[in-house]
Number of protein chains: 2
Amino acid sequence: MAVTIREVAKAAGVSTAAVSKVLHGRGNSVRVSDVRAAHIREIAESLNYRPNAVARNLRIRRTHAVGIIFENFGSFANGPLYYMHLFEGVGGVLFKNHYRMTILAEIAHDDVLSSLGDGQLDGVVWCKLTRDPESLALIHSCPIPIVAMNAPAPTVPTEAVFVSCDNEGGIDLAVQHLVALGHRRIAFLYERQELDTPDRQARLEGFHDAMKARTGVDATAEDVLEWDWLLPEFSGWWAAKPPHTAIICWSERTAGNLILQATSAGLSLPGDLSIVGFDSTQYCETTTPRLTAVCQPIYEMAAAAATTLLAMIDGMPPIQSSFTFPCTFDVRDSTTTPRSPLNAENPS
Amino acid sequence: MAVTIREVAKAAGVSTAAVSKVLHGRGNSVRVSDVRAAHIREIAESLNYRPNAVARNLRIRRTHAVGIIFENFGSFANGPLYYMHLFEGVGGVLFKNHYRMTILAEIAHDDVLSSLGDGQLDGVVWCKLTRDPESLALIHSCPIPIVAMNAPAPTVPTEAVFVSCDNEGGIDLAVQHLVALGHRRIAFLYERQELDTPDRQARLEGFHDAMKARTGVDATAEDVLEWDWLLPEFSGWWAAKPPHTAIICWSERTAGNLILQATSAGLSLPGDLSIVGFDSTQYCETTTPRLTAVCQPIYEMAAAAATTLLAMIDGMPPIQSSFTFPCTFDVRDSTTTPRSPLNAENPS
DNA sequence: TGTGTATGATTAATCCGTTAATCGCACTTC
DNA sequence: GAAGTGCGATTAACGGATTAATCATACACA
């Protein structure tokens, strides 16, 4: 059907080796004179020759394709924008380097497993955050180079590379910001979830550390709110007149939902309650008030992941087995000085 | 390096044909007894044999991979969620049918062109809306089956299939809704853009038709607002006391931005101005007020596109060369009765 | 006995580029 | 004149699976 390299060779009166060399310039033991090269190019053009990449991939044992796997493909559009940024960031680097990106949807776990070893992918970027044993096993025994985003740090020696942000440091920025505004009683909020994720865990730990460090007082159990998202827990909590003047949410969406609940419960934001989110995307601009949030350098992280992966594919051993990026902090409109600042605790 | 089918065959004392038949069950002129089949499976398992998909793809001339191309990959996260839904919808069907999805980023136009003919993709879903000549040419002369979403209808015979929503009908729903609320002077808003897109064009036409049909009066030039998005055109327009009580925006984001501008200009929404968007996604829930919008059945459209594409790949001629899906209408909080209803024009 | 049919299994060509190995030849150098 | 060097070009094996064609054997039936 399609024109093959053999037909081009025949039409040009040369060997397939010559055509291959001229058109793709790889073999270094093949030499072609300039005159012939030009002729070959001409013939190929006139025959409208399109090289078959599959055959080439088979021979050179490389496809220039990288897989990317998410735990939540299928609910991307309704989920946090974080994933989309990650997706774009990784894609950008890959495309610039003439790699393609293939989505690995985890319809079945076995599908993923066999995808990784079937020769169609040169490497994988792993964007699943859950720490289920199967995923971990897969990461640690992946037959091709793999970089894991925000995944749990390795406990056993592995060839995988891990990229994440400094979750603890990010939460510390949030606490610092609130303390500077005059807040002292600060809560940390997350939704009840089936599977724990390492980033949520890290942020919770960061909260405890930061509270101790910045206020001098240990956070207590009542400072950690674990809510089932569908229930109107907010109203009950608020009605009980909690001592908190600010809430740090473990994620952007959590913060957004909190804003909605607080607003519909009649609170005036940020006066009645300061709210901080984690992950600073376009979404933070669309809430009312606009959401103050910790910002992961997602594009840098994605670029580091992709760049490292490509280096690994090229056979270079990774410089580091894990990369951790510092967070920044984006102040918007959802935080302000507490209604009754230091007075409550320290009347002047 | 990796275990090949030949090694399995040797270890099991059978031919490669037998192994191929047992493990992948394709050849129908090859027969293997149950006993041997079991034995082969056992050996393959013990050797941890992983079939090389690239070799298979070369032989069967099929990769079970479908490409998807967007005009705006790289600004997905900040763009309309419409694209994400499309992406997910197409992906869902593909994955269920054991196809993979590869992103085609249009770094260079030539890259795309050669990607389509290099044997690595069985088909393409085209999600670019721009109608530049090169894209059109590509769609019409694509070497593999192609389905184009919301692309301009073909003017010449082509094997491509086109899927879109009934843009005109969607706008008509918006106009009907507003008219039923009592609005008579309704404007249509879109941003000034470099490249025209057929869907925007269709919605504008739909606006004219619907206004004529639903109010009995032709829309005039001043009813069509083409704003350069970065300029504060809204304030000027509003200050000039326009006769309009409602604005239909050509897209979701346009509507969202309009809300922001109107709110910051001091208007009370929806009382002072009713606003309707096009595309009803999660985004419409996050605006204040929540955005009333025309809703494309994106998942159905995506599913139709993917399903049709797979059928084409399997050699079946498409049932139709184009599919048009009706829109629905999601009433939220950004529309209400006009401040001075019919009174202005028709004092009782 | 001879013919026909079904089952079980193998051989070898094929898909299409890539590339190590080889060859011829012209030219240089000692 | 023998040996060495470089360029230009080809041959043929190779990557790993699929499958049409072929073969062998067993059994049924007239």
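Naming convention: chains lettered A, B, ... in sequence-line order (proteins, then strands); numbering from 1 in each chain.
- Not counting sequence neighbours, Asp34(B) has no partner by the side chain to side chain donor-acceptor pair (under 3.5 Å) test.
- Comparing dC16(C), dT19(D), dT18(C) by their closest approach to the side chain of Ile60(B) singles out dT19(D).
- Between the side chain of Arg31(B) and the base of dT7(C), no donor-acceptor pair under 3.5 Å is found.
- You'll find that the side chain of His24(A) is closest to dT18(C), out of dG17(C), dT10(C), dT18(C).
- Distance Arg62(A) CZ to dC14(D) C1': 18 Å, rounded to the nearest Å.
- One can place CD1 of Ile5(B) at 18 Å from P of dC15(C), the figure rounded to the nearest angstrom.
- Between Arg62(B) and Asp314(B) there is a salt bridge, since at least one side-chain N of the basic residue sits less than 4.0 Å from a carboxylate O of the acidic one.
- The nucleotide whose nearest atom lies closest to any side-chain atom of Thr16(A) is, among dA12(C), dA12(D), dA17(D), dA12(D).
- To the nearest angstrom, P of dT19(C) lies 12 Å from CG of Leu58(A).
- Between the NZ atom of Lys21(A) and the P atom of dA9(D) there is a distance of 13 Å, given to the nearest Å.
- No donor-acceptor contact under 3.5 Å links the side chain of Arg56(B) to the base of dG16(D).
- Heavy-atom contacts from other residues, nucleotides or ligands closer than 6.0 Å to CD of Gln320(B) number more than 12.
- In this structure, Arg59(B) places its CZ atom 16 Å from C1' of dC14(D), rounding to the nearest Å.
- If you check every strand for non-hydrogen atoms under 4.0 Å, Arg36(A) touches sugar and phosphate atoms only.
- A sub-4.0 Å separation between OP1 or OP2 of dT11(C) and a side-chain N or O of Ser15(B) is absent.
- When distances are taken from the side chain of Tyr49(A) to each of dG16(D), dG17(C), dT11(D), the shortest belongs to dG17(C).
- Comparing atom distances between the Ala18(A) side chain and each of dG16(D), dT10(D), dA13(D) picks out dT10(D) as nearest.
- The interatomic distance linking Leu23(B) (CG) with dA17(D) (C1') rounds to 11 Å, in whole Å.
- For dA9(D), one of the phosphate oxygens OP1 or OP2 lies less than 4.0 angstrom from a side-chain nitrogen or oxygen of Ser33(A).
- Residue contacts shown for Val54(A) are absent, as no nucleic acid heavy atom lies under 4.0 Å away.
- Here the closest heavy-atom approach between residue Gly119(A) and residue Thr63(A) is recorded as O-CG2, 3.2 Å.
- Checked by atom type, the side-chain pair Asp199(B)/Tyr82(B) shows no donor-acceptor distance below 3.5 Å.
- Put simply, CZ on Arg6(B) is 11 Å from C1' on dT18(D), counting in whole angstrom units.
- Between Arg61(B) and dA17(D) there is no side-chain N or O to OP1 or OP2 distance below 4.0 Å.
- In terms of position along DNA chain C, the nucleotide closest to Ala17(B) lies nearer the 5' end than the nucleotide closest to the other residue of the pair Ala17(B) and Asn52(A).
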